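Every chain is numbered from 1, with letters handed out A, B, ... down the list of sequences. Keep in mind that this is a model prediction, so the values were computed, not measured.
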Number of protein chains: 2
Amino acid sequence: MRILLKVSYDGTAYHGWQMQPGEPETIEGRLNRCLTELTGAQTEVIGCSRTDAGVHSKGNICVFDTSSGIPPERYVPALNGILPTDIRVLDSFRVDDCFHPRHTDTRKTYCYRFYHGDICPPFERLYRHHVYGPIDTNAMQRAASAFKGEHDFAAFCAAGSQAETTVRTIYDVVIKRTAADPLSEYIDIYITGGGFLYNMVRIIAGTLLEVGRGRIGPEDIQDVIDSRDRSRTGPTLPACGLTLERIDFDEGIPAV
Amino acid sequence: MRILLKVSYDGTAYHGWQMQPGEPETIEGRLNRCLTELTGAQTEVIGCSRTDAGVHSKGNICVFDTSSGIPPERYVPALNGILPTDIRVLDSFRVDDCFHPRHTDTRKTYCYRFYHGDICPPFERLYRHHVYGPIDTNAMQRAASAFKGEHDFAAFCAAGSQAETTVRTIYDVVIKRTAADPLSEYIDIYITGGGFLYNMVRIIAGTLLEVGRGRIGPEDIQDVIDSRDRSRTGPTLPACGLTLERIDFDEGIPAV
């Protein structure tokens with residue numbers, strides 16, 4: 001039978017989701033080892049989102065096939081009992097044998113988190129990118145709306161991508177500000193899309209930060225997108241600020 | 001001149017505040033090395049609170065003497081530039097040469113943080129102790145008030161303490177609950193006192209947790225304190241849940 005897992009992780013210590021040659025520790029590799037131990041047979045997960053090294057997740061999705069008699073819902077406590085505490089399985093249930101999380105239409109929501117203030121508290125350093133100096137979040141919000149819709153995001157794709165097309169659809173970009181203390185704030189950029197190019201969210205966040213700093217005008221974003229020119233976008237921001245928040249499957253998940 | 005530093009740290013990677021034989025990494029040791037590098041002369045801080053291995057701080061205080069010409073307020077950016085990001089200096093200024101942070105009356109506020117729910121999110125694991133099952137926080141709050149005032153806290157002192165007396169004064173104990181999600185909550189115990197015995201806050205938190213679980217009645221806490229019997233109190237809870245929140249000096253800090 002095919003079992004689905006919803007997985008949250010602190011990506012700090014991992015070389016991303018996907019297993020790699022040379023055996024650095026990855027989320028996928030760790031899950032495979034634990035499932036193989038639990039089921040007593042070589043088991044491999046198929047992940048929905050291959051998050052990069054250092055990127056976090058509150059709800060990545062993967063599936064695996066097993067003939068083990070372990071009841072599907074028991075994988076939550078069983079895996080959490082043997083996984084390190086920086087990886088937690090939040091949910092597990094049986095799905096249709098044909099359900100493939102990467103060959104199914106989804107909406108993925110990522111959040112890029114900033115700590116905006118003079119000194120980044122030690123407790124935020126692993127989960128937020130530290131920025132200081134004046135930042136105009138209203139300009140960022142105006143710029144954000146230009147990303148919505150279907151566009152060729154070639155300008156927002158890191159070199160080395162093997163994507164067949166650079167056209168993607170973004171459904172929503174929302175910027176949230178919350179006071180951290182009287183002199184500092186949290187700035188969170190939520191981006192929901194049908195799929196993303198390599199480093200795309202971190203380059204969009206870097207470009208919006210350039211807008212916040214007045215180096216790119218919010219009215220110029222459409223031009224930057226249309227240019228398909230990577231040199232006109234902002235930098236790829238560090239992985240620590242990025243979290244895969246949730247994955248929604250357009251036609252739901254075919255639970256069995 | 002004597003300079004005061006306010007220091008925040010994530011204690012996860014450190015063997016506590018105080019320098020130790022055998023050279024494990026400590027907050028004090030790290031500050032001493034950085035100050036010696038900055039000032040060009042052997043420099044040693046005198047800390048106010050010697051937090052234990054793994055305990056965090058949002059505002060520990062220390063002082064050091066130097067003849068360096070570095071302006072006092074410049075130690076904030078200068079130290080933060082060379083310290084690891086899990087230690088941050090929040091403030092620095094000159095104080096009276098006679099000011100000694102351990103020979104001065106203070107009120108220290110600690111917070112012991114729980115994550116109460118079935119699964120502890122990876123992002124909370126370093127800063128909260130994970131608890132699950134029914135917990136009656138109203139009973140905990142009733143029990144908490146029994147700790148207030150001057151008591152002999154011998155029952156709440158770990159073996160190995162070298163304190164001359166086990167009498168201490170607690171000014172306040174406040175329990176805060178906040179929803180984390182529909183099924184989980186944060187439980188934070190704030191304890192303010194004039195000083196604490198070895199592991200005292202972690203044993204009080206462990207005892208309040210036993211009350212929350214119905215194993216000790218809230219009305220029995222006075223008896224437990226009076227017994228001076230360590231076997232009647234709860235366990236010493238893990239260091240990760242404990243943070244030194246702030247230190248207030250009864251007569252203020254004699255800034256120069």
Side-chain angles (χ1 to χ4, degrees), chain A residues 5-14 27 30 51 54-60 73-81 83-92 111 113 115 117-130 132 180-184 238 240-246, chain B residues 5-14 27 30 51 54-60 73-81 83-92 111 113 115 117-130 132 180-184 238 240-246:
Chain A
L5 302 177
K6 184 175 168 188
V7 188
S8 178
Y9 43 86
D10 175 338
T12 307
Y14 297 92
I27 311 292
R30 194 79 198 212
T51 55
V55 172
H56 315 296
S57 161
K58 292 188 177 174
N60 206 347
E73 72 279 7
R74 295 301 299 162
Y75 284 99
V76 175
L79 283 168
N80 287 338
L83 281 165
T85 55
D86 55 3
I87 305 177
R88 293 289 90 179
V89 176
L90 304 179
D91 203 0
S92 65
C111 183
R113 293 181 163 85
Y115 188 88
D118 282 347
I119 302 168
C120 183
F123 315 101
E124 308 285 357
R125 78 190 193 287
L126 300 175
Y127 311 118
R128 292 184 175 273
H129 175 47
H130 179 212
Y132 45 89
D181 63 51
L183 294 172
S184 310
C240 70
L242 188 62
T243 303
L244 171 60
E245 294 285 312
R246 57 182 293 149
Chain B
L5 302 176
K6 184 175 170 189
V7 189
S8 177
Y9 42 87
D10 175 338
T12 307
Y14 297 92
I27 311 293
R30 194 80 199 212
T51 54
V55 171
H56 314 297
S57 161
K58 293 187 178 174
N60 205 347
E73 72 280 7
R74 295 301 301 163
Y75 284 98
V76 175
L79 283 167
N80 287 338
L83 281 165
T85 56
D86 55 2
I87 305 179
R88 293 289 91 179
V89 176
L90 304 180
D91 203 1
S92 66
C111 183
R113 293 182 163 83
Y115 188 88
D118 282 347
I119 300 167
C120 183
F123 315 101
E124 308 286 358
R125 77 190 194 286
L126 300 176
Y127 310 118
R128 292 184 175 273
H129 175 47
H130 179 211
Y132 46 90
D181 64 52
L183 294 171
S184 309
C240 71
L242 188 62
T243 303
L244 171 61
E245 294 285 313
R246 56 182 292 149

Original post:
Between A:Leu90 and chain B, which part of the residue has a heavy atom less than 4.5 Å away: side chain, backbone, both or neither?
Top reply: both
Subject >> Which portion of A:Ser57 sits near chain B, non-hydrogen atoms under 4.5 angstrom >> reply: backbone
Original post:
Which bit of A:Asp86 is near chain B, if near means a heavy-atom gap under 4.5 Å: side chain, backbone, both or neither?
Top reply: both
Subject >> A:His130 (side chain) donor-acceptor with A:Gly117 (main chain) under 3.5 angstrom >> reply: yes
**OP:** Could you label the plane-to-plane angle of the B:Phe123 and A:His56 rings as parallel, tilted or perpendicular, counting under 30° as parallel and over 60° as perpendicular?
**Re:** perpendicular
**OP:** Examine whether an atom of A:Arg125 lies under 4.5 Å from a heavy atom of chain B, and if so say whether it belongs to the side chain, the backbone or both; otherwise answer neither.
**Re:** side chain
**OP:** Quick one: pull up CG in A:Leu126 and OG1 in B:Thr85 and give me the separation to the nearest 0.5 Å.
**Re:** 7.0 Å
Original post:
How far does CD1 of B:Ile119 sit from CG of B:Leu183, to the nearest 0.5 angstrom?
Top reply: 10.0 Å
Subject >> Region of A:Val76 that comes under 4.5 Å of a non-hydrogen atom in chain B >> reply: side chain
Subject >> Main-chain N/O of A:Asn80 paired with A:Arg88 side-chain donor or acceptor, under 3.5 Å >> reply: yes
